[in-house]
Every structure is written in structure tokens, then in C-alpha cells.
There are 2 protein chains.
Amino acid sequence: MKPGGTYLKGVAKREEILKKALDVIGREGIRGASVKEIADAVHLSPAGILHHFGTKEELFTEILRKRDELDQELFTDGAPAEQSALAYLNLTQRNAQVPGLIELFSEMAVKAADPQHPAHNFFVKRGVETRAGFEEAIRVLQESGRLQLHSDPAMLARVIQAVSDGLQMQWLLDPSVDMAAIMTALFEDCLGGSISELHDA
Amino acid sequence: MKPGGTYLKGVAKREEILKKALDVIGREGIRGASVKEIADAVHLSPAGILHHFGTKEELFTEILRKRDELDQELFTDGAPAEQSALAYLNLTQRNAQVPGLIELFSEMAVKAADPQHPAHNFFVKRGVETRAGFEEAIRVLQESGRLQLHSDPAMLARVIQAVSDGLQMQWLLDPSVDMAAIMTALFEDCLGGSISELHDA
DNA sequence: GTCTATACACAGATAGAC
DNA sequence: GTCTATCTGTGTATAGAC
């Protein structure tokens, strides 16, 4: 809304804050998830940060959004529907390397249950999109006969999302849980043993 | 550790606090989950509460434990292994009536990822026990031929737990999600369509 | 052993100066 | 756009009354 220079500087500053925040939280875990910690990391005061984002919860909502954005560029962009399941598995495996962000995501997901929470719409939309991807992949696999299970794709999509989220919680409690291995085994044993055909990445 | 009267009074007071706390949180949701709110509900000062429990996190750990205890009396006590899956479904359906407690549980589950958190061992133990119940039920069903799927019971138990936790998160975000229906459909479609045989409660 | 009163530490939010 | 100062709320620690 403002002429070039100033506006762009504001956006750039926001980006810088968000990137540094992802960094700090990834490294320090949820302990690094206070306004003050992030402020220190970008050499600003807490008030300076909140000038850009309004409130703490809005700041953290933007952090989540930013991570999704970065993830999407790396993994799922432009992949055909059939491969979205695989892309998701890759994502899962990679995310498992950054416990702090998973903690943040899980914590925010709970808080966002409140319709008034700034992240509420983000999580609703994210869930819808995630399941739509699964649904389409399932449909394609069913129609091509590579998936013998003929259950309602919408329901299966919900289940897959649930398994993914649920395994993350188990993994937070005990990092020795191999999420990707369980997901893969599940696809192969229950869904018709054909997801491995997609493996080429 | 102390002679009768006094000791019992202490225990009784703790029980009273825990019961009231479950009440308040169930009614007011996570907003009622501050030491002050609970203190008000039992007509005590915050310090009075903490005298009995030490810290806030320990208090809330005991609250979780208390709820499990009450749940167990109501549903799973004495049920044969084969029916534990059904008992769990019943529990799921009943819990869905008390959003505040599910929020509390989910939030604590995330915080308990930290091995130093007072609820860490509670959640670890709870997970082990939950999965052990599923595992035995699965084994029985497999051996009696009522479950055609021959995947590793331990892995399947993890998946079922994950679906259950994951669906709760979806439900928190959108209460129109019918957790029990999805769980039931999942058992019937993927696990061999035999869980309904157990339905008699 | 039980609890109140009080003091303290800290986080997030807000107002106003620069 | 950023800081300092301030206010509020919330959890925690301690002293001492009963």
C-alpha cells in the first residue's frame, strides 16, 4: 500500500524475522519460541518485533505459514497428484529432523482449535488442502486398479492425515519411532501394496 | 507417611481439587486451565493449591492421571482383551463430549515431549499401555482368524493409536468430524470387517 | 500440616519519544 | 521503524499465622 522503498523494506524485514525465527526454533526447540528469543536473534526489542506482527500469536501463525511455503517449494510443487503421497512421505522424513518445528506446529494446532485464534483459518485451510491431495491420489490409484481398497477416498484421506499427525505425537515423546517406515508399511499392508511403484525420487 | 486423620485429610483435599479442576476445565475449556481459576473454584488461593501439588505442571499432570483413572473405572476395567478396542471406541465417543479436556490432553502431550516435564513419564507409560491393549486384541483376532490382515501387531497398534490421536486434532479444529464413525469404518474396511462382532455393549 | 499474604520474576501488550 | 518505559497477568518462592 506504500510507495516502493519503504513498503519493500517492511516486507523484507518481516521475511528476515520469519527466517531467523524458523532457525532459532529449529535449533533451540520450543524454548526458543518466545518473542524475546526471536527478538534477540534479529537484534531487535520485543516491541520492535510486535510492531511488524501485532501479537505473539500472529507472529507464530506467520512462522508456520512461512515454513509451509518453504516446504512446498522444496517438495510438492508441480508434482502430479499420484505422487503427492510420496511427496508427503518425503516431507515427513525431512521434518523428523527438526523436532522444534514439529513441537511448534503441534502446540499451535491445539491452540488453533479456538475459532478466534489467528491460526485457526490457517489450520482449517491446510487440513482441507492436505486431504484434497490425498483424496485425489487415492482416487487415481483406485481408478487405475492399483489400489484394491474401495473405501470412500475422503474418509481414507482423513485417516492418512490422522496417522501422520498422530505418529508425530508419538515421535515427539519417543524419537526412536520411525514415522516414515510405519507410514510406508501401512500403505503396503492395508492400502493394497502399490505405493512403492511410485518410488522414484 | 503420616498418622491417619491428617494424612487422609490431605489426600481428600487433593482429590477434591482434582475433581473440581476436571469440572472447571471441562466446562470452561482451556481458559479455565490456570492455577488461579482452579484456586477460585475450590475457594483457595493459588499458593494454597500449589502447597498440595508443588508446581502448575505437576498439578496438571495429576489432573490427567485423575481423568484416566475415572475413565478406566467407567469403561475398560475388567474387560477382556478382545473388547479393549471396543472399549476404546466407547471412550472416544464419550470424550468427544468434553472438548476442554481433549484440549488439555493434547496440549500436555506436546509439552510432555520434554523428558524433564513432569508428565513425560505419564504419557510414555500411557502410550505403552494403550498399545499393549490394542496389540493383544489384534493378536487374538488374528489367531482366531477374524482378522485377515497379518501385519505386525505392534505396528498396527501404533497406527490405531495414531489415528485416534490424529482424529482428535481434526475434531478439535472442526467438531463436526465424527471420530467414532471413522474409526469404525476403518476397522471394517481395512482390518477385515470383524470388529462389529464384538458389539454388545 | 494447612493455608494466607506478600514479594518476585517474567512474558506479552501498549503508549509515546526519537 | 524502532526503542524505552510501563502496565498487566500469571506462575513461583518464602515467611509466618493458625
Side-chain angles (χ1 to χ4, degrees), chain A residues 1-21 24-25 28-63 103-104 107-108 111-112 114 116-119, chain B residues 1-18 20-21 24-25 28-64 103-104 107-108 111-112 114 116-119:
Chain A
M1 271 77 174
K2 282 276 167 193
T6 322
Y7 178 65
L8 287 177
K9 176 132 187 283
V11 171
K13 194 71 186 176
R14 275 175 65 108
E15 293 297 298
E16 187 198 332
I17 294 170
L18 292 178
K19 247 197 121 240
K20 247 314 197 282
V24 174
I25 297 168
E28 316 258 332
I30 220 142
R31 299 235 198 88
S34 75
V35 175
K36 184 174 185 326
E37 288 294 321
I38 295 170
D40 287 350
V42 286
H43 308 291
L44 240 63
S45 73
I49 298 276
L50 293 185
H51 167 69
H52 290 284
F53 296 95
T55 70
K56 180 201 178 189
E57 297 302 317
E58 285 172 296
L59 164 62
F60 282 100
T61 303
E62 292 310 309
I63 294 176
E103 280 175 34
L104 178 68
E107 196 176 292
M108 291 289 287
K111 286 191 195 159
D114 178 1
Q116 301 306 312
H117 192 282
Chain B
M1 270 81 171
K2 281 281 166 190
T6 323
Y7 177 64
L8 287 176
K9 175 134 189 281
V11 172
K13 194 70 186 175
R14 275 175 63 109
E15 293 296 298
E16 187 199 331
I17 294 170
L18 292 178
K20 246 316 195 283
V24 174
I25 297 168
E28 316 256 331
I30 220 139
R31 300 235 197 89
S34 76
V35 175
K36 185 174 184 327
E37 287 294 321
I38 295 170
D40 287 350
V42 286
H43 307 292
L44 242 63
S45 71
I49 299 274
L50 293 186
H51 167 70
H52 292 282
F53 296 95
T55 70
K56 179 202 177 187
E57 297 303 316
E58 285 172 295
L59 163 63
F60 281 101
T61 303
E62 292 310 310
I63 293 176
L64 299 182
E103 281 174 33
L104 179 68
E107 195 176 292
M108 292 289 287
K111 286 192 195 159
D114 178 1
Q116 302 304 312
H117 192 282

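Naming: A, B, ... by sequence-line order, numbering from 1 per chain. All values below were derived from every heavy atom in this structure, side-chain atoms included, with hydrogens, water molecules and symmetry-related copies excluded.
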query: Between D/dT2 atom C1' and A/Ile49 atom CD1, what is the distance in whole Å?
result: 11 Å

message: As an exercise, state the distance from CD1 of A/Ile17 to CD1 of A/Ile49, rounded to the nearest 0.5 Å.
response: 4.0 Å

- request: Please determine, by modelled atom types, if B/Thr55 and B/Glu58 share a side-chain donor-acceptor pair under 3.5 angstrom.
  value: yes

message: Could you measure the distance from the CD1 atom of A/Ile30 to the CG atom of B/Asp114? Nearest 0.5 Å is fine.
response: 10.0 Å

task: Hey, could you give me the CG/CZ distance between A/Leu18 and A/Phe60, rounded to the nearest 0.5 Å?
output: 10.5 Å

- request: Can you tell me the distance, in whole Å, between the CD atom of B/Glu15 and the C1' atom of C/dT2?
  value: 17 Å

- line: Rounded to whole Å, NE2 of B/His43 lies from P of C/dC3 at a distance of 13 Å

- request: Using the side chain to side chain contact (heavy atoms under 4.5 Å, CB included) rule, take A/His117 and A/Met108 through it: C-alpha gap first, then chi angles, then the decisive distance, then the call.
  value: CA-CA 9 Å; A/His117 192 282; A/Met108 291 289 287; 3.8 Å; yes

- request: Mind calculating the distance between NE2 (A/His52) and P (D/dG1) to the nearest angstrom?
  value: 7 Å

- prompt: If you measure from the Lys or Arg side-chain nitrogens to the Asp or Glu carboxylate oxygens, is any gap between B/Glu62 and B/Arg14 under 4.0 Å?
  reply: yes

N/O-N/O pairs, protein side and nucleotides 7-12 of chain D side, under 3.5 Å:
residue : atom : partner : partner atom : Å
D/dG11  : OP1  : B/Lys56 : NZ           : 3.4
D/dG11  : OP2  : B/Val35 : N            : 3.3
D/dT12  : OP2  : B/Lys56 : N            : 2.7

Test side chain to side chain contact (heavy atoms under 4.5 Å, CB included) applied to A/Val24 and A/Asp40, step by step: CA-CA 10 Å; A/Val24 174; A/Asp40 287 350; over 6 Å; no

query: Do the charged groups of B/Glu16 and B/Lys13 touch, with an N to O distance under 4.0 Å?
result: yes

query: In whole angstrom, what separates B/Arg14's CZ from C/dT2's C1'?
result: 14 Å

message: Using five base pairs at each end to define the local axes, how bent is the helix from C/dG1-D/dC18 to C/dC18-D/dG1, to the nearest 10°?
response: 0°

message: Rounded to whole Å, how long is the line connecting atom CZ of A/Arg31 with atom P of C/dC10?
response: 15 Å

- prompt: In whole angstrom, what separates B/His51's NE2 from D/dG16's P?
  reply: 17 Å

message: Using whole Å, what does the distance between atom P of nucleotide C/dA11 and atom CZ of A/Phe53 come to?
response: 20 Å

message: So, does A/Ser45 get its side chain near the phosphate of D/dT2, meaning an N or O under 4.0 Å from OP1 or OP2?
response: no

query: Is the closest basic N to carboxylate O distance between A/Lys19 and A/Glu15 below 4.0 Å?
result: no

